[in-house]
Amino acid sequence: MAAESPSDLRAPRTAVVADPDGGRLGFYARTLRDAGYSVLCAGNADELTAAVDSGQPSVVVVDASLSAVETAAPVLVVVDLDNPAELAAMSPAGIHDCIAKPPPPRELVHRATALIDQVARRKAARQETEALREQLREVSAAVRATNDPEEIARLVVAGFGRTFKADHVWLATFEDSRVPRIQAAWNRPGLEPLPEQALPDEQYSRQTADRLWAGAETMSTAGTEEPAAGDAPAPGIANAVSSLAVPMGEGSSSLGIIWIAMLDGPRTWSGTELGLLQHVAGNAAHGLIQSHLISSQQQVVKQLQQLDKAKTDFLATVNHELRTPLTSIMAYLDMIQESTEQPVSPEVHQMLDIVVRNTERLRILIEDMLSVSRNGLDDSLMHLTPVRLGHTLDLVAAALRPLATQQNVTIAVDPVPEDPEILADEVQLQQVFTNLVSNAIKFTPSGGRIEVGSESHAASDGSRWATVSVADTGIGISSDEIDHVFTRFYRASNAMTGAIPGTGLGLAITKDIVSRHGGRIDVSSTLGSGTTVTVSLPLDTRSQEN
């Protein structure tokens, strides 16, 4: 009888024994019971299936004639090696080992126990590998969750050190435009950090990383390198009994390397471990590259924000400095024109009219620049009230007719059968249509015509809209330039060629106001024939229902 080994005592063992021959069946059962097994017996295939299904046997010992059994347990087949019929009857499915018939008792126990231990070791190895994968998955997840390159490096070296029970882990990136220069180290608790002279120099590390990256390999050393003399850098991790180098890279070149050092003894790395190490190193390289890009982009955005703030502050200051003297100029002009005690001559009055018009143009320009300096309009500054659209259009047309008359341009406002009411900021809405009509006057030659029309309609989704169109017979806009007319400071080429005054801000500000009212603005134009600008605004449905 075989003596029980320490492994036999760790857990209870059960065996299912199956043989159509009662004598052999009893012999196998007694042998295994004497070795400490709990045994279930079966004399045919049905009894064998029932015995296997009744529990989770540690091992199944079967005659070759019953070897087709389906079970997750390891199977030991007893076969007559000199009997071709029994050899032919053996089914390979599920069979883990076989033993010649008749087996000596000691051999039977030994083979059954060895088979159980082998399966247990495989199971433990699978569990260990899965635990390893899970630990490294957590490292990869932590790496993906941050954009801080220093934090990525710390997570990797600490993760590798704890997962593989290392003594030292060291990560270094090289001089490379794709990643920042980083060095990160992890040391097993209780160990002093590695001195700088114990670390490999950058040239050796880079050469090693390039070679390994080119071959998609890692490098394991047994610590046979000679110690570094004086302050000279070591070729690998100095005083390490064994070490492993894992390259980091992208594309065709490396960008860093990770060293894992063991001080107490050699370390054999499995293929699974090396594959997982390379996978996490790849994630780390990707994370470092992305974090570097994000960091660079953030720096650019910060600089742009600083430039934008400087621009805004400059414009706000300039506007303030311009508006103060302009207010005085306009006030004194009004006083001179309205003076009855010392009236001016008609010629001087005509000159003053020109000064007033240009002063008004300057005031409008300053207001437009102020809107730009505020990055558009602030929603909190909008004062929404019910506004009659037809009344607003009449006010705008009346205010601009003197300017149109000077240009010999006709403004016609189509009558509105129903004056729709919209919820809007009346001052800003007047600015929208003032910009559009004054633009039309500016770009329409003498003898031209401007038509302002409006209508209300229902969209397919049931919402109601008011649409205003301003159509002129002016110089038009080319199809190549029409997509740019809402861009700040953009001016069409024919406007520049014709020396037509303007800043290119009016339509940009107009679109901003319309958008903040929940509307949209569109432009259609034919070069040399005219332009139509259409503004669509949502109606105040509450007032429509009253």
Side-chain angles (χ1 to χ4, degrees), residues 1-135 165 268 270 272-273:
M1 185 179 66
E4 293 179 344
S5 66
S7 62
D8 297 332
L9 298 173
R10 282 198 295 268
R13 300 183 303 277
T14 60
V16 172
V17 179
D19 197 306
D21 183 289
R24 291 198 302 266
L25 179 61
F27 168 71
Y28 300 154
R30 286 191 303 274
T31 301
L32 292 172
R33 284 193 183 102
D34 290 343
Y37 281 81
S38 297
V39 180
L40 291 177
C41 296
N44 54 53
D46 292 338
E47 292 178 1
L48 174 58
T49 300
V52 168
D53 292 343
S54 66
Q56 294 182 339
S58 305
V59 67
V60 178
V61 180
V62 297
D63 186 75
S65 61
L66 300 175
S67 61
V69 61
E70 294 184 3
T71 176
V75 179
L76 178 62
V77 180
V78 184
V79 60
D80 185 352
L81 300 179
D82 296 325
N83 187 333
E86 287 197 9
L87 291 174
M90 287 180 59
S91 171
I95 294 178
H96 293 82
D97 199 2
C98 63
I99 186 171
K101 186 190 298 181
R106 184 184 295 273
E107 182 69 13
L108 177 63
V109 173
H110 171 72
R111 297 288 286 277
T113 303
L115 191 56
I116 293 172
D117 289 344
Q118 180 183 11
V119 171
R121 285 194 298 271
R122 289 179 180 176
K123 181 179 179 181
R126 284 195 299 269
Q127 291 174 341
E128 184 178 352
T129 299
E130 186 55 38
L132 190 67
R133 286 196 179 96
E134 183 58 32
Q135 287 179 280
K165 298 179 175 58
T268 301
S270 68
T272 299
E273 290 175 325

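As the structure is a prediction and not an experimental result, all values here were calculated from the model. Each residue takes its place number in the sequence, starting with 1.
- Taking all atoms of both residues into account, the shortest heavy-atom contact from Leu66 to Ala45 is CD2-N, 3.8 Å.
- The closest side-chain heavy-atom distance from Ile99 to Val61 is not below 4.5 Å.
- The salt bridge (charged side-chain N to carboxylate O under 4.0 Å, His left out) pairs that include a residue from residues 64-82 number zero, where partners must be two or more places apart or lie in different chains.
- Between Val62 and Ser67, the closest heavy-atom pair is CG2-CA, 4.0 Å.
- Counting heavy atoms from C-beta on, the side chains of Asp34 and Val109 never come closer than 4.5 Å.
- Pairs of residues two or more places apart, or lying in two chains, never qualify as salt bridge (charged side-chain N to carboxylate O under 4.0 Å, His left out) while including a residue from residues 118-128.
- Smallest separation of non-hydrogen atoms from Val77 and Ala64: CG1-CA, 3.7 Å.
- When each of Leu115, Asp117, Asp97 is tested with Pro74 by the rule side chain to side chain contact (heavy atoms under 4.5 Å, CB included), just one qualifies, namely Leu115.
- Taking 4.5 Å as the limit, every side-chain heavy atom of Arg13 sits out of range of all side-chain heavy atoms of Val59.
- Looking at every heavy atom in both residues, Leu32 comes nearest to Ala112 through CD2-CB, 4.4 Å.
- Proximity of Pro20 to Asp63: side-chain heavy atoms (C-beta onward) are separated by under 4.5 Å at one or more points.
- Remark: Tyr37 OH to Ile116 CD1 distance equals 3.5 Å, nearest 0.5 Å.
- To the nearest 0.5 angstrom, Asp21 atom CG is 12.0 Å from Phe27 atom CZ.
- Every side chain to side chain contact (heavy atoms under 4.5 Å, CB included) that Glu47 has, sequence neighbours left out, goes to Ala42, Asn44.
- Glu134 pairs by the side chain to side chain donor-acceptor pair (under 3.5 Å) definition with Arg137, not counting sequence neighbours.
- Residues forming a side chain to side chain contact (heavy atoms under 4.5 Å, CB included) with Thr129 (at least two apart in sequence, or on another chain): Arg133, Thr272.
- Applying the side chain to side chain donor-acceptor pair (under 3.5 Å) test to Arg24 and every residue at least two apart in sequence or in another chain returns Asp19.
- Applying the side chain to side chain donor-acceptor pair (under 3.5 Å) criterion to Glu107, with sequence neighbours excluded, gives Arg111.
- Taking the side chain to side chain contact (heavy atoms under 4.5 Å, CB included) definition, one finds that Pro102 meets it with nothing, sequence neighbours left out.
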Enumerate donor-acceptor pairs with a distance under 3.5 Å from any side-chain N or O in residues 51-58 to protein atoms, sequence neighbours excluded.
| residue | atom | partner | partner atom | Å |
| --- | --- | --- | --- | --- |
| Ser54 | OG | Ala51 | O | 2.6 |
| Ser58 | OG | Thr14 | N | 3.1 |

